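The figures that follow rest on heavy atoms only: side chains count, while hydrogens, waters and symmetry mates do not. Per chain, numbering begins at 1; letters A, B, ... match sequence-line order. This one's a predicted model, so the numbers in the text were calculated from it and none came from an experiment.
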Amino acid sequence: MTHILLVEDDHGTATEITLELTASGYDVTRCTTVAEGGRRALADGVDLLIVDRQLPDGEGLDLIGLLRDKGRRTPVLVLSALGSLDDRVRGLRAGGDDYLAKPFALVELIARVQALLRRPDDSRDTRLIAGPLDLDLLGVTGTRAGRPLDLLPRELKLLEYMVRRTGRIVTRSMLLQDVWGYNFEPNSNVVDVHMGRLRRKVDADGEAQLIRNVRGQGYVFDITD
Amino acid sequence: MSSTSPTDPRARAIWRWGGAIAALLVVQSIILAGLFWLLAAHSHEREAEHGFARDCETFAALASPLRPATLRAMLTRDIHRDRFLAIFAADGSPIEGNVARLPHPATTGTKSFVAPIRATELPGKTHDVARLALCTLPDGEKLLTGVDLDDSEEALRVVRQSLLFALGPGILIALAFGLFAGRRAARQVDAIRRLTARIMSGSLEDRLPVSDRPDSFEQLCAHINAMLDRLQALVLDMRAVGDDIAHQLRTPLTRLRARLERSLRDTHDRAGFETAAIDALGEIDKLLGVVAAMLRIRELEDHARRSRFAPVDLAKIAADACELHRPIAEDRGIDLVCTIAPLPPFDGDDSLLIEALSNLIDNAMKFGPANGRVAVDLRRDGHHAVLSVTDDGAGVPVSDRLLVTQRFYRGSHEVDGVGLGLSLVKAIAELHGCTLAFASDRSCVSLVFASDRDNDKRPRH
């Protein structure tokens with residue numbers, strides 16, 4: 001079972017996170033201080049750390065520093081009420097692998113935890129095959145069961161991003177951040193419109209839905225159905 | 001001073017100041033008195049030596065037999081009895097005079113020395129101390145000439161006493177002046193202390209007095225006043241923001257509460273609850289969006305983000321923004337036209353710039369007419385790069401130009417939104433040192449970027 005160490009001093013937040021992670025099938029250990037977090041993180045069997053920045057005995061980023069100094073590559077997701085982009089940059093620079101500003105949706109947290117635990121295979125393959133899908137990344141073309149998909153370059157990138165994260169929820173901000181390369185919250189549903197078009201192209205009438213919209217959460221690419 | 005005890009910091013300051021000034025004056029007086037005393041003693045000695053030299057010359061010129069009578073006459077004329085004169089034979093035996101024998105030690109010459117002598121004609125005493133000179137006369141006889149030191153010591157004592165006497169009042173005057181100056185300085189500092197105490201208790205209205213021709217201390221006061229003006233403005237602004245937030249959040253919160261209440265009362269199946277919960281989540285996300293946007297505007301206004309600035313390609317940002325909005329524009333039947341000229345790199349934050357542009361495009365699509373045209377145009381205009389978004393609508397009325405960039409101002413309440421978009425755009429523009437311009441004749445909002453040259457000189461707040 002995947003073991004997650006949560007270092008968070010706010011009882012309410014910690015409880016919510018623990019419940020959500022447990023419900024998603026993770027084994028969660030909780031602690032509230034940098035000192036205890038450091039001790040437990042260095043013990044064996046921790047697959048992922050979720051660390052709050054403002055802890056009673058110090059700065060959560062120091063914990064990451066400690067871990068990295070000891071040569072541990074355990075992925076770390078930094079949580080913080082300091083939600084500005086500057087803090088995000090500082091958090092990532094300190095050795096965190098991802099950064100989530102409070103308040104966050106629990107689904108966003110789960111999506112990012114999944115993303116960290118199973119880094120996508122960043123293979124340089126120029127051909128990607130998933131179920132009925134066959135994508136030619138160089139030629140910017142793709143087919144579904146032989147039917148050509150008339151994809152725009154951005155749509156192909158979106159689809160590639162989804163396919164490489166098969167079975168996992170991908171949120172709008174992850175798409176904007178990783179596919180477009182910008183870090184902001186659009187005040188209109190621009191990303192959804194892009195995804196809507198992509199879905200219509202990939203999932204024609206009568207075909208099984210490969211891309212599902214998880215309402216209020218994001219999108220999942222799945223070929224098991 | 002009656003109100004201040006020595007443990008009072010204000011009294012301590014006064015005493016410290018007063019004491020320092022008094023000590024300075026006292027040291028100065030002592031140095032002055034010492035110098036005076038030294039000079040007086042020296043001049044006295046020189047005067048005596050002049051006299052001794054004259055005596056030696058007089059007696060050297062006289063024949064040996066005439067000397068005792070002359071000496072006696074001189075002693076008789078000395079009514080103060082402070083002169084010592086004596087003639088000794090070459091073997092040291094006294095011939096005439098009021099000194100019994102040659103003093104020890106003795107040096108010959110006009111250079112004077114101080115030595116005890118045996119006086120023979122002083123009433124009531126035989127021993128005395130005198131400043132003396134011993135000269136050898138041409139025929140081998142020796143002349144001892146000298147003055148009683150009692151008198152010169154007396155004179156110096158008078159000098160010393162008068163100096164000491166003057167020192168007393170001097171110290172008092174110094175202390176008084178010191179205390180006065182110290183109190184004045186303490187009073188000025190105290191004025192600032194009282195003001196800061198009032199500020200700490202929450203009152204920002206008070207200011208320090210500054211005269212028409214301020215001294216350096218008053219210039220400090222003027223600076224403190226200016227600082228307080230700025231602080232007060234910021235606090236007022238913050239209060240206004242707080243009120244705005246409270247006001248803006250109350251309406252959706254009330255709506256959310258009503259909706260939850262209604263679903264709790266009317267919904268009886270799982271699907272119904274699910275719908276209600278999803279709706280509620282949507283509302284909450286909107287609320288969080290408002291809070292996040294407020295925080296972001298505040299953060300941008302702090303101007304601290306420039307540390308993250310890197311060269312960005314405005315053309316790529318404009319192209320990406322167009323690409324991002326094209327599907328939504330097509331869905332709404334809006335013709336999104338982008339004309340993008342390549343430009344040299346500009347120092348900035350690409351995420352913020354695309355956010356600003358995205359807001360402008362979004363506004364143009366929202367407020368322009370349906371099935372209209374929205375043009376995004378990036379071009380070089382002289383030294384400036386101009387990024388403008390134009391729609392077919394009426395644009396922002398002139399009277400509203402200042403208002404639209406204020407938080408929560410909404411030109412039209414028919415359109416969904418909370419009125420933070422343009423104030424966010426303005427904050428991003430200001431952070432990048434560019435201006436937000438509205439065209440006068442059509443609906444066109446432009447971001448005017450300073451030239452690359454000005455880019456380096458941008459004021460760093």
**Report entry** Under 4.5 Å from a heavy atom of chain A, the part of B/L324 involved
**Finding:** both
Query - Under the ring pair (Phe, Tyr, Trp, His ring centres under 6.0 Å) test, residues paired with A/H194 that sit two or more places apart - result: A/W180
Report task. Could you tell me which portion of B/D279 (side chain, backbone, both or neither) has an atom closer than 4.5 angstrom to a non-hydrogen atom of chain A? Result -> side chain
Query raised in the report: With a 4.5 angstrom heavy-atom cut-off, which part of B/I284 approaches chain A: side chain, backbone, both or neither?
Result: neither
Query - Point-to-point distance, once rounded to the nearest 0.5 Å, from CG of B/L353 to CZ of A/F184 - result: 11.0 Å
Query raised in the report: Does any heavy atom of chain B fall under 4.5 Å from the side chain of A/L152, the backbone, both, or neither of them?
Result: neither
Requested in this report: Check A/V190 against B/I328 and note the closest heavy-atom contact, atom names and distance.
Outcome: CG1-CG2, 4.1 Å
Query - Side-chain H-bond candidate by donor/acceptor type, B/D320 with A/Y182, under 3.5 Å - result: yes
Report task. Could you tell me whether B/R259 atom CZ has more than 12 heavy atoms of other residues or ligands within 6.0 Å of it? Result -> yes
Report task. Could you note down all residue pairs passing salt bridge (charged side-chain N to carboxylate O under 4.0 Å, His left out) where residues 190-202 of chain A supplies at least one of them, sequence neighbours left out? Result -> A/E155-A/K201, A/R172-A/D192, A/R197-B/E330, A/R197-B/D331
Query raised in the report: CG/B/L288 to CZ/A/F104 distance, rounded to the nearest 0.5 angstrom?
Result: 11.5 Å
**Report entry** Option in B/A329, B/G282, B/P327, B/S358 with maximal non-hydrogen atom pairs under 4.5 Å from chain A
**Finding:** B/P327
Query raised in the report: So, do A/N183 and B/D350 sit near enough that their side-chain heavy atoms are less than 4.5 Å apart?
Result: no
